[in-house]
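Within every chain, numbering begins at 1; the chains are lettered A, B, ... in the order of the sequence lines, protein sequences first and strands thereafter. What's counted below: heavy atoms across the whole structure, side chains too, no hydrogens, waters or symmetry copies.
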Amino acid sequence: MEHSNAALARQFEQAADILEILGENPFRVRAYRNAARVINDQPQPITDRVREGFDPADLPGIGADLADKIREFTTTGHIAWIDDLRTQIPAGLLELLRLPGVGPKKVRALWQELGITDLDGLRAAAEAQKIQALPGFGKKTEQNILKALSSDFLQERRFLRPVGKQAVAPFLELLAAMDTVDRFEIAGSYRRGRETVGDIDVIITARETDAPAIMDALVAHPSVQDVLVHGPGKTSVVTELDIQIDFRVVAPESWGAALLYFTGSKAHNIVLRDRARNRGWKLNEFGLFDGKQCIASKTEAEIYDAFGLETPPPELRENRGEFEAAEQHNLPRLICIEDYRGNLHAHSTWSDGKQTLHDIITAARDEFHYSYWAATDHSKSLTVANGLDEDRVLQQIDEIAKLRETVPGIEILTGIECDILEDGTLDLPDEILSRLDVVIIAIHSKFNLSRKAQTERMLRAMDNPWITFVAHPTGRLLTRREGYAIDIERVIRHAAERGCFLELNASPWRLDLNDIYCREAAAAGVPITINTDAHHSRDLNNLEHGIAQARRGWLRADQVINTLPVPQLRDAIRRTKLA
DNA sequence: GCCGTTTTCGGCCCGACTGTTTTCAGTCG
Ligand SMILES: Nc1nc2c(ncn2[C@H]2C[C@H](O)[C@@H](COP(=O)(O)OP(=O)(O)OP(=O)(O)O)O2)c(=O)[nH]1
Ligand SMILES: [Mg+2]
Ligand SMILES: [Mg+2]
Ligand SMILES: [Zn+2]
């Protein structure tokens, strides 16, 4: 379900769009966009906190005026001033703004000069060749508008990380094969580990004279469906999968500055560039300059050093407190993939997995060097997944006893992914659950309960004495469906009080808990367990995405259960049992 | 609209590419 923070942020984003069309001060517009970003970054619903007396002006980028508007939104669900704003332009103009190549200035001109108020009007005007006559417009602009209108520009699409990775792979191969290319790397949101990516950004270094040929080669690649911009320093293409890829080429000595720039985030870049100005310097994608003198450019670390800052890992570069921590040289030592020792949530052919327990555990041991494995197939009410009833759980416990002999060298734990029923009771009786090492609980049905009912269902399930952790706590599927309505704050607090873990599910569709909630949970003292939820050993490769999300949540190894060696892991699990 | 041990007013990141334009505005990253 959409978070109330998202609804509030959308108000401010829309206000920014309208103000921009009206020709307002761009810095005022930016203030609204900035506020929207800060609001979206908050783990707790701001309206809830305001009701408890919190002053929104304590948030960065929110002052007296926006704080008043937030308080109004809290009590009435509306912001009258923004409602008024909406009446000042035709509603259809906001859709025009989403056309690629069409910004606030063009929208304003189309509206003021030609009386265009919506997409149909725009199409008609373009087809009647009225647009090319406008000052600042021309034949080319008119053609570009028609082309944009025929694309599916309306919903901004984001992609799963593996989809983006796959789309860019052939271009990376091409770059690797070119001897004029010095270095290249994926930058942007992918490098920052974001759960979805809007496009893929690739930074390249090469001699200036070689840049045009490199861009020509990229554009000529057979999987290029469309070329959006094509210059020697910056080129953008659209692939056959309709995924945009942005390339930047700079000179080899600018590697660090360019990687830093292209990694972002935009908000992070702006803060760093502002710090440069405050010292009388200038930062851009070519280097850090004092007048004409280049102070630093070769590596990212060299540039952060010049500011007296520890280098923040890309996952932290969201302007969510990394500058304050980097100033103190107090950035967290983030978990990395090498810290990870074993799995606590995966499936086998006992339920809906694609490999036998024997095969997937053997692969985990031999190919992924895991120290432990919990067998956690589905429980009986998930009939489509061939969930286990009481008898089959007992049979599986027997099989695992045998597997401990036939697959030595990896600690095998018994377990279940037990469905939470509508009333918050569990799908299997305590007599069964009490015999298992790992009891995962999860919601796989009745997604439509009210927020209150869903939360109470979850809390009740967590009160069962045998449970170990809650799997994919919000239930969202990225790019497919929102999570069920639930008060995650209460779930986190309850986990802290009760003493159980919360999962960061590493499936690329889930990555649930997300970065912000992971940080919140860890701060509340709740251990996080990261699991691929593998149905086949190849799914274990998804761990990298889960680790990326964990790092974005500022998690250290000591906050993640799966970094524990077997004895400490068993201790930690034992402490979750309340009986 | 926000923000501040140089400021409570006057700043607010910086640059590439395109298409329109005889020098640059608009859009995007
Ligand atoms: N300094 C500066 N850098 C920017 C700006 N816009 C984008 N960048 C940099 C930082 C971004 O991470 C990087 C790539 O831009 P994108 O638009 O692809 O954004 P990003 O990859 O962060 O997110 P995405 O998942 O693509 O929506 O370029 C800007 O306005 N100013
Ligand atoms: Mg990007
Ligand atoms: Mg991009
Ligand atoms: Zn599962």
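With salt bridges taken as basic N to acidic carboxylate O contacts below 4.0 Å, none links A/Glu285 and A/Lys234. Ion pairing between A/Asp515 and A/Arg519 fails under the 4.0 Å rule for side-chain N and carboxylate O. A salt bridge links A/Arg476 with A/Glu195: the closest approach of a Lys/Arg side-chain nitrogen to an acidic carboxylate oxygen falls below 4.0 angstrom.
The aromatic rings of A/Trp81 and A/Tyr32 sit parallel, their planes meeting at an angle under 30°, below the 60° perpendicular limit.
Taking atom P in both B/dC12 and B/dG19, the straight-line distance is 31 Å, to the nearest Å. Look at the P atom in both B/dA25 and B/dT20: the space between them is 16 Å, to the nearest Å. Only the C1' atoms considered, B/dG10 is 29 Å distant from B/dA16, to the nearest whole Å. For B/dC2 and B/dT8, the C1' atoms lie 12 Å apart once the distance is rounded to whole Å. Annotation: B/dG4 and B/dC13 have their P atoms spaced 14 Å apart (nearest Å). Nucleotides B/dT21 and B/dG26, compared at atom C1', are 12 Å apart to the nearest Å.
If you check every strand for non-hydrogen atoms under 4.0 Å, A/Leu283 touches sugar and phosphate atoms only. As judged by a 4.0 angstrom heavy-atom cut-off over every strand, A/Lys140 is placed among residues touching the sugar-phosphate backbone only. Across all strands shown, A/Pro26 has no heavy atoms under 4.0 Å from either base or sugar-phosphate atoms. Nucleic acid contact class of A/Asn34 (heavy atoms, under 4.0 Å, all strands): none. Across all strands shown, A/Leu66 has heavy atoms under 4.0 Å from sugar-phosphate atoms exclusively, and none from any base. Among the protein residues, A/Glu24 comes within range of no part of the nucleic acid, since none of its heavy atoms lies under 4.0 Å from any strand. Within the nucleic acid shown, A/Asn269 has no heavy atom closer than 4.0 Å to any nucleic acid atom. Counting any heavy atom pair closer than 4.0 Å across all strands shown, A/Lys106 reaches sugar-phosphate atoms only and no base atom.
Remark: the backbone N or O of A/Arg556 is not paired with any side-chain donor or acceptor of A/Arg333 at under 3.5 angstrom. Looking only at distances, a side-chain donor or acceptor of A/Arg552 sits under 3.5 Å from a matching main-chain atom of A/Arg192. Side-chain N or O atoms of A/Asn40 include none that pairs as donor or acceptor with a backbone N or O of A/Arg37 at under 3.5 Å.
Mapping A/Thr235 and A/Arg30 onto DNA chain B via the closest heavy atom, the residue that lands nearer the 5' end is A/Arg30.
A sub-4.0 Å separation between OP1 or OP2 of B/dG15 and a side-chain N or O of A/Lys282 is present. When the side-chain nitrogen and oxygen atoms of A/Arg277 are compared with OP1 and OP2 of B/dC12, one or more of them lie within a distance under 4.0 Å. Residue A/Gln244 places at least one side-chain N or O under 4.0 Å from the OP1 or OP2 atom of B/dG29. Phosphate proximity of B/dT20 to A/Thr141: present, with a side-chain N or O under 4.0 Å from OP1 or OP2.
Side-chain polar atoms of A/Arg158 and A/Thr196 form a donor-acceptor pair below 3.5 angstrom. Side-chain atoms of A/Gln129 and A/Glu142 form no donor-acceptor pair, as typed in the model, at a separation below 3.5 Å.
For A/Glu208, the CD atom sits in a loose shell: 12 or fewer heavy atoms of surrounding residues, nucleotides or ligands are nearer than 6.0 Å.
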Close N or O pairs between protein and nucleotides 3-9 of chain B (under 3.5 Å):
| from | atom 1 | to | atom 2 | distance (Å) |
| --- | --- | --- | --- | --- |
| B/dC3 | OP1 | A/Gly61 | N | 2.6 |

Strictly under 3.5 Å: I want the nitrogen or oxygen pairs between protein and nucleotides 22-25 of chain B, one per line.
none

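At a cut-off of 3.5 angstrom, counting only N and O atoms as typed in the model, there is a donor on one side and an acceptor on the other between the side-chain of A/Arg273 and the base of B/dC14. If you check distances only, the side chain of A/Tyr261 does reach the base of B/dG29 with a donor-acceptor pair under 3.5 Å. For A/Asp201 and B/dG29, a side-chain-to-base donor-acceptor distance below 3.5 Å is absent, hydrogens and geometry of angles not being considered.
Of the listed nucleotides (B/dC17, B/dT20, B/dC12), B/dC17 has the atom at the smallest distance from the side chain of A/Pro232. Checking B/dG29, B/dT18, B/dT20 against every side-chain atom of A/His230, the shortest atom distance belongs to B/dT18. Side-chain proximity of A/Glu285 to the nucleotides B/dC12, B/dG15, B/dG1 is greatest for B/dG15.
In a base pair of the Watson-Crick type (N1 to N3 plus N6-O4 or O6-N4) or a G-U wobble (N1-O2 and O6-N3), with each distance short of 3.5 Å, B/dG19 is matched with B/dC24.
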